[in-house]
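These numbers come from a predicted model, not from an experiment. Residue numbers start from 1 in every chain, and the chains themselves are labelled A, B, ... in the order their sequence lines are given, proteins ahead of strands.
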Protein chains: 2
Amino acid sequence: MIDDTKPAGGSVLPSTRRSIPIALIRAREKVMGPIREMLSDCGITEQQWRILRVLEEYGPQDASTLAERACLLLPSQTRIVQTLLEKGLVTRQADEKDRRKQTVAITPAGQAIINDKLQDAKAIAARIEEVIGKEKLAQLLDILEDFQKL
Amino acid sequence: MIDDTKPAGGSVLPSTRRSIPIALIRAREKVMGPIREMLSDCGITEQQWRILRVLEEYGPQDASTLAERACLLLPSQTRIVQTLLEKGLVTRQADEKDRRKQTVAITPAGQAIINDKLQDAKAIAARIEEVIGKEKLAQLLDILEDFQKL
DNA sequence: CTCATATATTTAACATAGCAAATATTGCAC
DNA sequence: GTGCAATATTTGCTATGTTAAATATATGAG
């Protein structure tokens, strides 16, 4: 007698082996391994690194913009900037014109951390490009961008 | 005089706009939006859903295997299974032969949740396929799989 | 000017991620 | 069978993710 109350092997939903959300996590996990290792040396986390990177790339900016660019929710951004303040890696002050807005900027100490890790970061990026291949990486980025249309 | 101590705009590291880790998060965020919405109805989280899905797909299994398949760290798995136990959606018991191992299984109540959300989940998957395209999705999964070689 | 409403950020509360240390069992050497 | 190294899970701690509620400031209607 066949028990059809419980489908045997993923015939109902796509198998978790070909699940987009899971595949995205798995890939990300692999990419972040070396990056976390690089950052653990200087005692900052992946998200703290993203904040510094964005501030370095775009310059001083308000909290919402920073969160958007660093791909963080506002509450996370607030807390992370607070710890970066304590570490002296960023500054934060209310906007003169609109006092609701907070302007965040990187400090020389923050910039120094980026400079210190620059070679390591480039090496990691190069390794990824070597393993995956330049064209596939470009394809990947393009496809991932399409998800914003969802 | 040019200030070359602080590179102006991402000339040193790849721009955060073309950063693989960030692109992976952004895409995942978009994919998870509708899924979280679907799950919030029945009061379970994304990770709890992954655990249930894996248990349903592969049947009863030990904690390590479950964590690996659901793409969770063991400590996370432990805690999530604990809350699922309290909800009565899974069972957990020590293996007879090796009492270090814990065998986790889905309950009828857990299976019922999956069955309830089946149509919604399939609709979400279909929508993604419609927007991104079947071939691109396949390409994406293949490229993401390559990251395991890192 | 005053109040209701909209905007920008922060807090609060709960669930997870990630890492290190602690537990519990096994299996094996002596 | 005792003790030690290896294996399987769980706990403890700090940092984030996520959502909802609280704060603070700005703006426009009347």
Side-chain angles (χ1 to χ4, degrees), chain A residues 21-22 24-26 28-51 61-68 70-87 89-90 92-104, chain B residues 21-22 24-26 28-51 61-68 70-87 89-90 92-104:
Chain A
I22 292 182
L24 291 172
I25 303 180
R26 278 193 202 285
R28 185 154 191 293
E29 192 181 317
K30 283 291 179 182
V31 173
M32 291 314 300
I35 297 181
R36 291 210 188 90
E37 190 180 352
M38 166 184 94
L39 295 177
S40 65
D41 294 343
C42 53
I44 72 173
T45 68
E46 165 201 338
Q47 290 84 351
Q48 292 166 10
W49 171 254
R50 276 216 301 281
I51 295 262
Q61 55 202 283
D62 63 273
S64 298
T65 307
L66 175 56
E68 161 67 21
C71 201
L72 294 168
L73 295 179
L74 266 169
S76 297
Q77 182 271 356
T78 297
R79 281 177 309 203
I80 296 169
V81 166
Q82 277 169 347
T83 73
L84 289 175
L85 279 172
E86 293 164 9
K87 292 174 185 237
L89 304 180
V90 304
R92 178 168 63 184
Q93 52 184 9
D95 184 296
E96 284 303 311
K97 300 169 185 172
D98 186 342
R99 298 223 159 168
R100 291 170 303 181
K101 292 187 180 177
Q102 296 288 108
T103 300
V104 184
Chain B
I22 291 182
L24 291 172
I25 302 180
R26 278 194 202 284
R28 185 153 193 293
E29 191 181 318
K30 283 293 178 181
V31 173
M32 291 314 300
I35 298 182
R36 291 210 188 89
E37 190 180 353
M38 166 186 94
L39 295 176
S40 66
D41 294 343
C42 53
I44 72 173
T45 67
E46 166 201 339
Q47 291 84 352
Q48 292 167 9
W49 171 255
R50 276 217 301 282
I51 296 261
Q61 56 202 282
D62 62 273
S64 298
T65 306
L66 175 56
E68 160 68 21
C71 202
L72 294 167
L73 293 180
L74 265 170
S76 297
Q77 181 272 356
T78 297
R79 286 159 187 145
I80 297 168
V81 165
Q82 275 169 349
T83 74
L84 289 175
L85 279 172
E86 292 165 9
K87 292 174 185 237
L89 304 180
V90 303
R92 179 170 63 184
Q93 53 183 9
D95 184 296
E96 283 304 310
K97 299 170 186 173
D98 186 342
R99 299 220 160 170
R100 291 171 304 182
K101 291 187 180 176
Q102 296 289 107
T103 299
V104 184

Engineer: Using whole Å, what does the distance between atom C1' of nucleotide D/dG17 and atom CD1 of B/Ile80 come to?
Structural biologist: 13 Å
Engineer: By the 4.0 Å heavy-atom rule, please label B/Gln77 as base, sugar-phosphate, or nothing.
Structural biologist: sugar-phosphate
Engineer: Taking OP1 and OP2 of C/dT16, is either one under 4.0 Å from a side-chain nitrogen or oxygen of B/Thr45?
Structural biologist: yes
Engineer: Assess whether side chain to side chain contact (heavy atoms under 4.5 Å, CB included) is satisfied between B/Val81 and B/Gln102, documenting all intermediate values.
Structural biologist: CA-CA 11 Å; B/Val81 165; B/Gln102 296 289 107; over 6 Å; no
Engineer: Is there a donor and acceptor pair, one atom on the side chain of B/Arg100 and one on the base of C/dG27, closer than 3.5 Å?
Structural biologist: no
Engineer: Over how many whole Å does the gap from A/Leu85 atom CG to C/dT9 atom C1' extend?
Structural biologist: 14 Å
Engineer: Please determine, for the side chain of B/Asp98, which listed nucleotide (C/dT9, D/dA26, C/dT26) has the closest atom?
Structural biologist: C/dT26
Engineer: For the side chain of A/Gln47, starting at C-beta, report the closest nucleotide among C/dA8, C/dT16, D/dG17.
Structural biologist: D/dG17
Engineer: For D/dT10, take OP1 and OP2 only and decide whether either is under 4.0 Å from a side-chain N or O of B/Thr78.
Structural biologist: yes
Engineer: B/Leu74 versus B/Gln77: any side-chain heavy-atom pair under 4.5 Å?
Structural biologist: yes
Engineer: Within the 4.0 Å heavy-atom criterion, would you say B/Arg92 contacts the bases, only the backbone, or no part of the nucleic acid?
Structural biologist: sugar-phosphate
Engineer: Specify the separation, in whole Å, of atom CG of B/Leu24 and atom P of C/dA17.
Structural biologist: 16 Å
Engineer: Are B/Ser64 and D/dT9 close enough that a side-chain N or O sits under 4.0 Å from OP1 or OP2?
Structural biologist: yes
Engineer: Are the side chain of B/Lys87 and the backbone N or O of B/Gly43 linked by a donor-acceptor pair below 3.5 Å?
Structural biologist: yes
Engineer: Which part of the nucleic acid, if any, lies within reach of A/Gln82 when heavy atoms closer than 4.0 Å are counted: base, sugar-phosphate only, or nothing?
Structural biologist: sugar-phosphate
Engineer: Distance check needed: D/dT7 C1' versus B/Asp62 CG, whole Å only.
Structural biologist: 12 Å
Engineer: Nearest whole angstrom, please: distance from the C1' of D/dT25 to the CD of A/Gln102.
Structural biologist: 11 Å
Engineer: Any donor-acceptor pair, under 3.5 Å, between the side chain of B/Arg79 and the base of C/dG18, if you only look at N and O atoms?
Structural biologist: yes
Engineer: State which of C/dA17, D/dT25, C/dT10 makes the closest approach to the side chain of B/Leu72.
Structural biologist: C/dA17
Engineer: Report the nucleotide, chosen from D/dG17, C/dA15, C/dA20, that has the shortest atom-to-atom distance to any side-chain atom of B/Pro75.
Structural biologist: C/dA20
Engineer: Can you measure from CZ (B/Arg26) to CG (A/Leu24) and round to the nearest 0.5 angstrom?
Structural biologist: 14.0 Å
Engineer: Roughly, in whole Å, what's the span from CD in A/Gln61 to P in C/dT9?
Structural biologist: 11 Å
Engineer: Can you tell me how far apart CD (A/Glu86) and CG (A/Leu84) are? Round to the nearest 0.5 Å.
Structural biologist: 9.5 Å
Engineer: Between D/dT25 atom P and A/Gln93 atom CD, what is the distance in whole Å?
Structural biologist: 16 Å
Engineer: Is any N or O donor-acceptor pair between the side chain of B/Arg36 and the base of D/dG17 shorter than 3.5 Å?
Structural biologist: no
